[in-house]
Amino acid sequence: MDKTYEPHAIEQRWYAFWEERGYFAPSGQGAPYCIMIPPPNVTGTLHMGHAFQDTIMDALTRYYRMKGYNALWQPGTDHAGIATQMVVERQLAAEGKTRHDLGREDFIERVWAWKAESGGTITRQLRRMGASVDWARERFTMDEGLSAAVREVFVRLYEEGLIYRGQRLVNWDPVLRTAVSDLEVASAEENGFLWHIRYPLAEGGGDLVVATTRPETMLGDTAVAVHPDDERYQRLIGLHVALPLAGRRIPVIADEYVDPTFGTGCVKITPAHDFNDYAVGQRHKLPLLNIFTADARINENGPEAYRGLDRFEARRRVVGDLEELGLLDETRPHKLMVPRGDRSHAVIEPFLTDQWYVKTGPLAGPAIAAVKTGRIRFIPENWEKTYFDWLNRIEDWCISRQIWWGHRIPAWYDAQGRIYVGRGEAEVREKHRLGPEVALTQDPDVLDTWFSSALWPFSTLGWPERTEALDTFYPTSVLVTGFDIIFFWVARMIMMGLKFMGDVPYREVYIHGLVRDQDGQKMSKSKGNVLDPLDIIDGVDLDELVAKRTTGLMQPQMAPRIEKATRKQFPAGIHAHGTDALRFTFAALATTGRDIVFDMGRVEGYRNFCNKLWNAARYVLMNAEGRDTGAGGGDIELSQADRWILSRLQHAIAEANAAVRDYRFDQMAQALYEFTWNEFCDWYLELSKPVLTDPASSEAAQRGTRRTLVQVLETLLRLLHPLMPFVTEEIWQRVAPLAGKIPSNPPLEKGGAEGGGISIMLQPYPEVDPTLVDEAVVAEIEWLRQFLAGVRRIRSEMNIAPGKPLPVLLQQGSDEDRERLERHRRALATLGRLDAVAWLGESEPAPEAATALVGAMKILIPMAGLIDKAAEIARLTREVARLRQEAERGAAKLGNADFLGRAPAEVVEKERVRVAELQLAATKLEAQLTRIRHL
RNA sequence: GGGUGCUUAGCUCAGUUGGGAGAGCAUCGCCCUUACAAGGCGAGGGGCGGGGGUUCAAGUCCCUCAGCACCCACCA
């Protein structure tokens, strides 16, 4: 093995190996385990959120695959209607064209071409992450099969009356010129004005004043409303006002909707351009007067002077004209909630159009019940509340979009405007007996992207065909996704799954947090704080990073600021860390239900961890390759250290398994990190050295240690594999033959893989072997660690050179201490750099020495020429004070009758033991202190 | 206006049924000891956001206040 860990050199090789051999496909054996990937935008690129999510899904898939499940991670991509269309339209704009210049067919062809060109990016990146998806089953939401599923669902829902077409107010994006759903609109507070406008009474006798934030909509007013109990305006109810500028006469009505305490207590009612006013209009049977075109200019229903004006220009003109007429009472600054489209960021306009809707009421009920009854479990649980709240107030879902890229709505119209819905034009003609003489035109609209996404868990498995895959993998095991799409996607998948499959789409929903930047900010292109997962994997130099962050900005003026911040944060660019380190970082940060603040320091730490593992493996191989590891028979003798590490390994195995079951990847990562570094490397490898290097140790003992080294490492690699697939595979290919997992002859020469073709990813995940758990041995090694810790502390605090051999005297040891010393004499000498260890009789005079305790046994390091007496006195004084303080606290507790009377006996006993130990230690050290002082 | 989450070491975060405050990084000291300087050995550092309550015992349970973040909502 190379001396240093070079992730780049191993990662691509192993991925290709796995993929070519078809190792990602379900085994066909065992209970099914299935995860559907949330399909990323087909023309998109991998961001940190994907990388995080993919790490979790891959860890789960690899884990359950190793556990013997018939594991499928289903891949695929989404056509992402509006988002993708916008990208292509932007490309056209650069050529000075619009989609209308091309026409619908050519434009769609152009989008397909763009998909062909860029569609491989995200799947390539997914491969770089090590994702073990079954590529043979990759699907795309607009491929033939999924499109058929979409049509099928649409037709069935329509025939049941659960899809209908209707005219009502929708959220209209005047820039994209399409309807969008409520979910695609985000309102935020912005600065505006509240204008007070005087409307003269038509019947004469004065006027009333309305307050509005949108004066231009007055051109569409069809009433003015006051509160029915508002005494100020009682006399006006039933009268009319002469609407300025428009010159229309509209009634004054009374409606509870009006808040008399806000503004003037008079509200202009524009039913065609405001959701509340629409409702008021319905109640009072007011006419709807639409004054906007699709791009929010004043249409022919507006006064001639304003026609063709953009809504904001119209606003300026209306305000100016009112002022001239003396009808503008007041203009005051006002904060208001402005709705904007989440794609275009254009101000959304309530707009009266014909759209297709899904009637959600009948679908929501079962979706609520599925979670209430526990057939679906949210992790963490509290997201259930969010889910219920939304479903309980759900509105019908507007599913039609006036764009071109997407699933065309399977509805046709004849010349009379009659609607025919079917799986295709031929079916429609046949069903309704329409001859070729009847001209039919298909509805030009396409479906909301989320409509096809909602079918993903079953459409990808072949529905509406009844396939084996569907039988095997539906319902799937778990959905891994972010909270931001619980409404968009999760709830709708559950509704559709229950409706069309008669069962839930998955049994668990694991909701993860958002990946934020080092300051806790959301990562976004416009803030210039995004990190590309591949840059963390492969590294990137500073200039390139700056260039990536500053090109293509919506607000180019931000570039200098972004550049400065980037140069400050990454003065040397980003080093290459490798996929395994990045994945391990995500796992370690993945505490449930919490956003993660991404910290490059963590990645570095885990890259070091990979390196540590790599070097530990080098050590093991160096000592085991070509040596007798006991595979060929022969006596085996296990040392205490061997038994200890095997016992601790069982503990790590138990923790790793429990952590995955609880979706606690942070605990899994931490348990394995600690075992690897603090137990296996820091102690076991060190303890193995005296055995292997000492010519006096027996063949059987050496075999035992070599075998243990290999076994523990091999098991550890399997434990780590779901989190760090690459480095574990690379090492495993070399270690496995020594552990008897791979025939040892052919593989190595041919680079391991090509020879044997066996992979760690198909090996069983470790399970606890209770016969290897040995608490007595654990206690003994703990004794040894404390012994060495005592010596090391003295050495460090007394400033004794680490390499200088030290003599040690022991006093007041038990028989057990004596036995343990004999068993570990050589280990202590090596690890502690001790030159002689001898017992000192109870009554023998002790020399001037520094002291440490292991339980009741005293370790004395003679001070002659080595130790600073003053320093030792200071050290002991500190230590005694600490012990006394602790002991006193415990003693006070034991002196409390309530504690003794009410606490469980074992708690009291534990406290007694603890206090006794503290007091004993303090007493011994005090005695030592006195002795030193008097010497 | 509703709802959810968070507040523990300088930073990022663990802390399962209430019973001796932890990890990584950072900091400080000593070491290139042939697996690893991307390392080894050792050390320092915490009023667990404030207040109140329950309990023999509270980071953990209850109430309250404050700050931060996010989600939902029609106040013109």
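Lettering of chains follows the sequences in order, A, B, ..., and the numbering in each one begins at 1. All of these numbers come straight from a predicted model, not from anything done at the bench.
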Looking only at atom [atom1], what distance separates [N] and [M], rounded to whole Å?
{"N": "B:G67", "M": "B:A73", "atom1": "C1'", "answer": "24 Å"}
{"N": "B:A76", "M": "B:G1", "atom1": "P", "answer": "14 Å"}
{"N": "B:C61", "M": "B:G15", "atom1": "C1'", "answer": "16 Å"}
{"N": "B:U8", "M": "B:A14", "atom1": "P", "answer": "10 Å"}
{"N": "B:C48", "M": "B:A21", "atom1": "P", "answer": "12 Å"}
{"N": "B:G53", "M": "B:U60", "atom1": "P", "answer": "14 Å"}
{"N": "B:C36", "M": "B:G24", "atom1": "P", "answer": "22 Å"}
{"N": "B:A43", "M": "B:G3", "atom1": "C1'", "answer": "47 Å"}

Reckon [X] touches a base, only the sugar-phosphate, or nothing at all at heavy-atom distances under 4.0 Å?
{"X": "A:Arg618", "result": "sugar-phosphate"}
{"X": "A:Val210", "result": "nothing"}
{"X": "A:Lys3", "result": "sugar-phosphate"}
{"X": "A:Phe598", "result": "nothing"}
{"X": "A:Glu797", "result": "sugar-phosphate"}
{"X": "A:Arg793", "result": "sugar-phosphate"}
{"X": "A:Arg393", "result": "sugar-phosphate"}
{"X": "A:Phe275", "result": "nothing"}
{"X": "A:Asp259", "result": "base"}
{"X": "A:Arg594", "result": "sugar-phosphate"}
{"X": "A:Arg914", "result": "base"}
{"X": "A:Arg664", "result": "sugar-phosphate"}
{"X": "A:Asn611", "result": "base"}
{"X": "A:Val267", "result": "base"}

Worksheet item: Pick the nucleotide of RNA chain B nearest each of A:Arg516 and A:Met337; which residue has the one closer to the 5' end?
Response: A:Arg516

Discussion item. Assuming nearest nucleotide by heavy-atom distance, tell me which of A:Met622 and A:Thr213 is located more 5' along RNA chain B.
Written reply: A:Met622

Item to complete: Please report the shortest heavy-atom distance between A:Pro380 and A:Ile511, naming the atom on each side.
Response: CD-O, 3.6 Å

Item to complete: Considering non-hydrogen atoms only, spot the tightest contact between A:Arg706 and A:Leu692 and give its length.
Response: CG-CD2, 3.9 Å

Worksheet item: Taking the side chain from A:Asp277 and the backbone from A:Thr270, do they hold a donor-acceptor pair closer than 3.5 Å?
Response: yes

Worksheet item: When you look at A:Thr4 and A:Glu6, which way does the side-chain contact (heavy atoms from CB on, under 4.5 Å) test go after all the steps?
Response: CA-CA 6 Å; A:Thr4 49; A:Glu6 297 287 352; 3.6 Å; yes

In Watson-Crick or G-U wobble terms, both distances under 3.5 Å, what is the partner of [N]?
{"N": "B:U7", "value": "B:A66"}
{"N": "B:G45", "value": "none"}
{"N": "B:A14", "value": "none"}
{"N": "B:A35", "value": "none"}

Please report whether the ring centroid of [Y] lies less than 6.0 Å from that of [X].
{"X": "A:Tyr606", "Y": "A:Tyr673", "result": "yes"}
{"X": "A:Phe598", "Y": "A:Phe52", "result": "no"}
{"X": "A:Trp172", "Y": "A:Phe351", "result": "yes"}

Response to the item:
Residues at least two apart in sequence or cross-chain that pass side chain to side chain contact (heavy atoms under 4.5 Å, CB included) with A:Arg793, listed by chain then number, are A:Ala789, A:Glu797

Discussion item. Using a 4.0 Å cut-off on heavy atoms, which residues in residues 673-692 of chain A reach RNA chain B? List them by number, or say none.
Written reply: A:Tyr673, A:Trp677, A:Cys681, A:Asp682, A:Leu685, A:Glu686, A:Lys689

Item to complete: Please assess A:Phe726 against A:Ile731 for the test side-chain contact (heavy atoms from CB on, under 4.5 Å), listing each intermediate value before the final yes or no.
Response: CA-CA 9 Å; A:Phe726 295 111; A:Ile731 299 171; over 6 Å; no

Worksheet item: NE2 of A:His334: more than 12 outside heavy atoms within 6.0 angstrom?
Response: yes

Discussion item. side-chain contact (heavy atoms from CB on, under 4.5 Å) for A:Val224 and A:Leu243? Distances and angles first, verdict last.
Written reply: CA-CA 10 Å; A:Val224 172; A:Leu243 186 63; over 6 Å; no

Worksheet item: What is the 5' to 3' range of RNA chain B, first to last nucleotide, that sits under 4.0 Å from any heavy atom of chain A?
Response: B:G3 to B:A76

Discussion item. Under the criterion side-chain contact (heavy atoms from CB on, under 4.5 Å), I'd like the reasoning laid out for A:Glu730 against A:Met1: C-alpha separation, chi angles, the key distance, then a yes or no.
Written reply: CA-CA 10 Å; A:Glu730 175 75 16; A:Met1 282 172 77; 5.8 Å; no

